[in-house]
Amino acid sequence: MDCPDLHICALLDQWIDAAGTVTLTAHTFPDGDALGSTVALCRYLRERRGKDAVVILPNPYSEDIAFIAADTPVLCYSKSPEQAEAHIARTDLVICLDCNAFNRTEGLQDILSASSARKVLIDHHLGPDRDAFGLVFSTPDISSTCEHLFWILLQMKDIAGDAGKLPEVARTALLAGMTTDTNNFANSVFPSTFEMASALLAAGTDRESVLSHLYNSYRENRIRLIGYLLGEKLRITDSGAAIMILTADEYRRFRLREGESEGIVNMPLAIRRVRISIFLKEYAEDGNFHISVRSKRGISAADYAREFFHGGGHELASGGRLYYPRDIAVPEEAEAYVLSSLEKFLA
Ligand code: 5GP
Ligand code: MN
């Protein structure tokens with residue numbers, strides 16, 4: 001890839017030198033890329049730079065990706081707010097990863113915005129909130145935040161281009177986060193993505209172990225759910241839109257845990273006539289649906305999520321929310337809302 005801006009990399013190096021305590025954060029409902037990038041940077045800062053670095057996430061990550069964190073200090077604000085606030089109060093440097101603005105950090109938003117620490121953004125989403133950060137590394141033309149971070153870390157003085165100098169947990173986390181964000185090299189893959197993977201493998205990173213954790217370690221519940229959703233719930237419109245809705249009731253019935261329905265939205269895209277796939281998951285507790293949107297080239301999942309679901313993300317992979325009773329009166333109206341929004345969007 002084009003090297004990340006060397007001037008900003010040098011500034012980041014200086015800001016790290018000047019900091020004693022660092023907070024790494026990422027978007028709400030952290031996925032593999034969010035967890036991988038924060039963990040990787042945390043390990044680098046602790047092991048190579050001797051910093052008091054802690055990952056502070058808005059809420060817990062799913063068990064499926066817990067191996068990425070290994071024994072890294074990770075706090076979840078929703079579970080231990082006092083500890084998280086105490087660390088942020090002592091923080092000299094906040095680095096926000098895989099998240100384009102503090103408003104995607106849920107409960108942490110106000111605390112982070114109000115912090116007088118220096119702030120850095122490292123991300124690959126569209127529309128970074130440049131005003132909120134002193135240093136911004138942002139490009140959508142990259143596979144993942146983990147890849148973006150990898151190229152930035154190689155520019156640090158002590159690493160000097162040698163991936164083998166990155167701590168092992170950091171290398172594994174970078175490979176895992178890139179793998180989840182690209183669906184194991186299926187989407188958003190650039191020449192630089194293979195170069196990154198190649199450098200990590202050459203440094204001894206265990207890819208087989210990463211793949212086994214990511215793709216061969218699910219609970220049976222998830223696979224049964226996939227069978228049910230594809231068999232009973234998938235609806236495909238004449239316009240080539242696939243819709244699946246997972247209700248709160250079904251979530252309970254399949255005894256699902258957070259993250260266990262992740263990625264199912266991609267599956268209908270395997271059907272030739274499907275151009276866009278929409279997956280709704282109902283959260284009964286707070287009266288809303290989380291929406292995942294995936295599209296094939298030529299249709300913008302990001303525009304659709306932005307126009308109809310208060311969301312955004314990447315061109316072909318986006319997300320948002322549908323609230324009741326704000327957007328729809330009752331949860332049963334969700335499907336009708338999606339159908340009418342699709343009619344407008346695909347027209
Ligand atoms: P997922 O469908 O995996 O939850 O999210 C897909 C992509 O859309 C991710 O890159 C995520 O960051 C983005 N995304 C998901 N939900 C939202 C949201 O509510 N707002 C915005 N702006 N982006 C979202
Ligand atoms: Mn990402």
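Residue numbers count from 1 along this sequence. We count ligands from 1, going down the list as the structure has it; atoms in each ligand are counted the same way.
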**OP:** Look only at the side chain of D33 and the backbone of D181, and say whether a donor-acceptor pair between them is shorter than 3.5 Å.
**Re:** no
**OP:** Any chance you could measure F29, atom CZ, to E262, atom CD, to the nearest 0.5 Å?
**Re:** 11.0 Å
Subject >> Separation of L246 CG from I264 CD1 (nearest 0.5 Å) >> reply: 7.5 Å
Where is the nearest protein heavy atom to [atom]: which residue, which atom, and how far?
atom	answer
atom 13 (C) of ligand 1	G312 O, 3.6 Å
atom 2 (O) of ligand 1	S292 OG, 2.5 Å
atom 7 (C) of ligand 1	A317 O, 3.5 Å

Could you say whether the N/O atoms of [X] and ligand 1 ever approach to under 3.5 Å?
X	value
G319	yes
I291	no
R294	yes
H125	yes
H314	yes

Original post:
the Mn ion (ligand 2): which protein N, O or S atoms are under 2.8 Å away?
Top reply: D33 OD2, D98 OD1, H124 NE2, D181 OD2
**OP:** Tell me whether the guanidinium CZ or amine NZ of R48 lies under 6.0 angstrom from the six-membered ring centre of Y44 and within 45° of its axis.
**Re:** no
Original post:
Is it the case that R253 places NZ or CZ above or below the six-membered ring of Y228, under 6.0 angstrom from the centre and within 45 degrees of the axis?
Top reply: yes
**OP:** Check each atom of ligand 1 against the heavy atoms of H290 and keep those under 4.0 Å away; list them by number with element.
**Re:** 4 (O), 16 (N)
Subject >> Proximal atoms of ligand 1 relative to G320 (non-hydrogen, under 4.0 Å) >> reply: 16 (N), 17 (C), 18 (C), 19 (O)
Original post:
Should the ring pair Y251 and Y283 be called parallel, tilted or perpendicular, given that the plane angle runs from 0 to 90° and is split at 30 and 60?
Top reply: tilted
Original post:
Aromatic rings F133 and F102: how do their planes relate, parallel, tilted or perpendicular, breaks at 30° and 60°?
Top reply: tilted
Original post:
How would you list, by chain and number, every residue that makes a ring pair (Phe, Tyr, Trp, His ring centres under 6.0 Å) with Y61, sequence neighbours excluded?
Top reply: none
**OP:** Could you verify whether a donor N or O on one side chain and an acceptor N or O on the other, from N187 and H314, lie under 3.5 Å apart?
**Re:** no
Original post:
Which pairs, with at least one residue in residues 112-123 and sequence neighbours excluded, count as a side chain to side chain donor-acceptor pair (under 3.5 Å)?
Top reply: D123-H125
Subject >> Partners passing side chain to side chain donor-acceptor pair (under 3.5 Å) against S239 (at least two apart in sequence or in another chain) >> reply: T237
